[in-house]
Visitor: 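Just passing along the structure, written as structure tokens.
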Number of protein chains: 2
Amino acid sequence: MKYHLDMDVTLLDRLLQIGELFQRDMARAFAGTGFTPARLRVLWVLQHDGSMTQQALAAQLDVTPRNVSGLVDALEASGHVRRTPHPSDRRAVLVELAPRTARIMSRMQREHEELSATLLDAVAPADRAAVERGIGAIADRLAVLVEDAEEGAEA
Amino acid sequence: MKYHLDMDVTLLDRLLQIGELFQRDMARAFAGTGFTPARLRVLWVLQHDGSMTQQALAAQLDVTPRNVSGLVDALEASGHVRRTPHPSDRRAVLVELAPRTARIMSRMQREHEELSATLLDAVAPADRAAVERGIGAIADRLAVLVEDAEEGAEA
DNA sequence: CCAGATAATGAAGCAAGGTAACTATGAAGT
DNA sequence: ACTTCATAGTTACCTTGCTTCATTATCTGG
């Protein structure tokens, strides 16, 4: 009841639809858990790259350090993350995932891979290789276009 | 500097990357114009389906009527939209696109189609048909999965 | 050893988007 | 006619994510 698939559906329409569906599903899956998108990104980076200082987190997430403070505050209050003193720099803290949360993230990673397989399974076998190549090519092309646009906007 | 494309990049990773790139580009393109995603969706629906009441807009956009009020407030203040009295219901107002904004939306539609063509152009010619079929199949499968999940969550 | 950079936080604020409770109007049944 | 109920919008308030500016504590290089 939300997609007007009547006429002229472009490739881009479909890709946007996919993006929107992902967002909707994320929002539903984490509703009421206290996991917001920004907080999930923090957890994701910690899972992927291990403990790090808030400065490093800010750089990875491309947000201000002040912001990371707030996000880590929330995650620490809910027990998903711990602040431990940095071994060699008493100004800094190391943010690390709580073991329980690390397990949650691993499970999410697994579900992520399963979903990927399920989606590929929806594609006709003869088309799969082409789809994987094609989506990669589209992502790369789009990355270049967006980067160029951003550089142009700075000037 | 934000995508870790090192190992094990799944199809889903690529699709998520594409979604994120779109969002980034949208955010950049409309920064400073007062067009936010929610407001753009309002304009899009008005362009596509013509003038309607705020209730109808709320239903189309799947947001609360209150929210539509705020969005229309902002769009009216910037002159992109007009509120006119409903001819037969004095409670309701009809929201209509300003002509100038309708032209802007048409231009966006054209750019949208151009971008779609550009992205398809990045795909090897021999893969194009398969990619179009495949992305359609993925979008459909994902739509079913998300809807099922939402129904399951209600129960 | 001190001048300046750096890590984190406190205080305040902004824009976007959301819900809940309220007012005004319409519609339907007796 | 009039009571009841549904509907259209809006006023008030909350949360999230993010920002800037100022402050404290610590590190580092001349």
Side-chain angles (χ1 to χ4, degrees), chain A residues 2 20 23-24 26-46 51-78 80-96, chain B residues 2 20 23-24 26-46 51-78 80-96:
Chain A
K2 211 157 150 201
E20 193 178 329
Q23 276 187 265
R24 247 172 75 189
M26 288 285 212
R28 181 200 54 75
F30 297 114
T33 66
F35 282 1
T36 63
R39 290 175 204 170
L40 272 172
R41 276 191 288 274
V42 171
L43 297 178
W44 185 256
V45 169
L46 289 174
S51 302
M52 62 181 75
T53 67
Q54 297 188 175
Q55 294 292 327
L57 267 174
Q60 285 286 322
L61 297 167
D62 198 25
V63 299
T64 63
R66 180 63 189 90
N67 214 337
V68 173
S69 263
L71 295 170
V72 171
D73 282 350
L75 289 168
E76 192 177 35
S78 56
H80 292 294
V81 132
R82 277 191 299 240
R83 272 189 249 240
T84 57
H86 190 288
S88 65
D89 186 340
R90 272 181 300 173
R91 295 169 302 177
V93 298
L94 281 179
V95 184
E96 70 178 9
Chain B
K2 212 159 148 200
E20 193 178 329
Q23 276 187 263
R24 247 172 74 188
M26 287 287 211
R28 181 199 55 75
F30 297 115
T33 66
F35 283 1
T36 63
R39 290 176 203 169
L40 273 171
R41 277 191 288 272
V42 171
L43 297 177
W44 184 256
V45 169
L46 290 174
S51 302
M52 64 180 73
T53 66
Q54 297 189 175
Q55 295 292 328
L57 268 174
Q60 285 285 322
L61 298 166
D62 197 26
V63 298
T64 63
R66 174 57 189 97
N67 219 332
V68 173
S69 263
L71 296 170
V72 171
D73 281 351
L75 290 168
E76 192 178 36
S78 56
H80 289 111
V81 130
R82 278 190 299 240
R83 271 189 249 240
T84 58
H86 190 287
S88 66
D89 187 340
R90 272 183 297 172
R91 295 170 302 176
V93 298
L94 281 178
V95 184
E96 71 180 6

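Quick note on labels: first sequence line is chain A, next is B, and so on, each numbered from 1. Predicted model only: the values in this text are computed from it and were never measured.
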Visitor: Whether Thr64(A) contacts dT20(D) is assessed here as follows: a side-chain N or O lying under 4.0 Å from the phosphate OP1 or OP2. Is that the case?
Guide: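 The answer is no; no side-chain N or O of Thr64(A) sits under 4.0 Å from OP1 or OP2.
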Visitor: If you restrict it to nitrogen or oxygen atoms, what contacts under 3.5 Å exist between nucleotides 4-11 of chain C and the protein, and what is each distance?
Guide:
unit_1: dT6(C); atom_1: O2; unit_2: Arg91(A); atom_2: NH1; d: 2.5
unit_1: dA7(C); atom_1: OP2; unit_2: Gln55(A); atom_2: OE1; d: 3.2
unit_1: dA8(C); atom_1: OP1; unit_2: Gln54(A); atom_2: N; d: 3.2
unit_1: dA8(C); atom_1: OP1; unit_2: Val93(A); atom_2: N; d: 3.0
unit_1: dA8(C); atom_1: OP1; unit_2: Val93(A); atom_2: O; d: 3.1
unit_1: dA8(C); atom_1: OP2; unit_2: Gln54(A); atom_2: N; d: 3.3
unit_1: dA8(C); atom_1: OP2; unit_2: Gln55(A); atom_2: N; d: 2.6
unit_1: dT9(C); atom_1: OP1; unit_2: Arg83(A); atom_2: NH1; d: 2.8
unit_1: dT9(C); atom_1: OP2; unit_2: Gln54(A); atom_2: OE1; d: 3.2
unit_1: dT9(C); atom_1: OP2; unit_2: Gln54(A); atom_2: NE2; d: 2.7
unit_1: dT9(C); atom_1: OP2; unit_2: Ser69(A); atom_2: OG; d: 2.3
unit_1: dT9(C); atom_1: OP2; unit_2: Arg83(A); atom_2: NH1; d: 3.0
unit_1: dG10(C); atom_1: N7; unit_2: Arg66(A); atom_2: NE; d: 3.1
unit_1: dG10(C); atom_1: O6; unit_2: Arg66(A); atom_2: NE; d: 3.3
unit_1: dA11(C); atom_1: N6; unit_2: Arg66(A); atom_2: NE; d: 3.3

Visitor: Can a side chain N or O of Asn67(B) be found less than 4.0 Å away from OP1 or OP2 on dG18(C)?
Guide: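 Yes, such a contact exists.
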Visitor: Search all heavy atoms of Leu46(B) against all heavy atoms of Val95(B) and return the closest pair with its distance.
Guide: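 Answer, listing the atom of Leu46(B) first, then Val95(B): CD2-O, 3.5 Å.
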Visitor: When we call it a touch if two heavy atoms are under 4.0 Å apart, what does Arg39(A) touch: a base, just sugar-phosphate, or nothing?
Guide: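 Sugar-phosphate: the residue Arg39(A), judged by heavy atoms under 4.0 Å, touches backbone atoms but no base.
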Visitor: Taking the six-membered ring for Trp, are Phe35(A) and His80(A) parallel (under 30°), tilted (30 to 60°) or perpendicular (over 60°)?
Guide: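 Phe35(A) vs His80(A) ring planes: perpendicular.
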Visitor: Taking atom C1' of dT16(D) as reference, at what distance in whole Å does atom CZ of Phe35(A) sit?
Guide: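 One finds 16 Å between C1' of dT16(D) and CZ of Phe35(A), rounded.
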Visitor: For dG26(C), does either OP1 or OP2 sit under 4.0 Å from a side-chain N or O belonging to Arg90(B)?
Guide: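 Checking dG26(C) against Arg90(B), a side-chain N or O does come within under 4.0 Å of OP1 or OP2.
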Visitor: Whole angstroms only, please: what is the CG-P distance between Leu71(B) and dT10(D)?
Guide: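 Going from CG in Leu71(B) over to P in dT10(D) covers 12 Å.
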Visitor: What nitrogen or oxygen pairs link the protein and nucleotides 3-5 of chain D at under 3.5 Å?
Guide:
none

Visitor: What is the distance, rounded to the nearest whole Å, between atom CZ of Phe30(A) and atom P of dG17(D)?
Guide: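 From Phe30(A) CZ to dG17(D) P: 13 Å.
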Visitor: With a 4.5 Å heavy-atom cut-off, do Val81(B) and Leu43(B) have their side chains touching?
Guide: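 Side-chain contact under 4.5 Å: yes.
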Visitor: What distance separates His86(A) NE2 from Arg91(A) CZ, expressed to the nearest 0.5 Å?
Guide: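 His86(A) NE2 to Arg91(A) CZ: 9.5 Å, rounded to 0.5 Å.
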Visitor: With sequence neighbours left out, what residues match Thr64(A) under side chain to side chain donor-acceptor pair (under 3.5 Å)?
Guide: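 In terms of side chain to side chain donor-acceptor pair (under 3.5 Å), with neighbours along the sequence ignored, Thr64(A) is linked to no residue.
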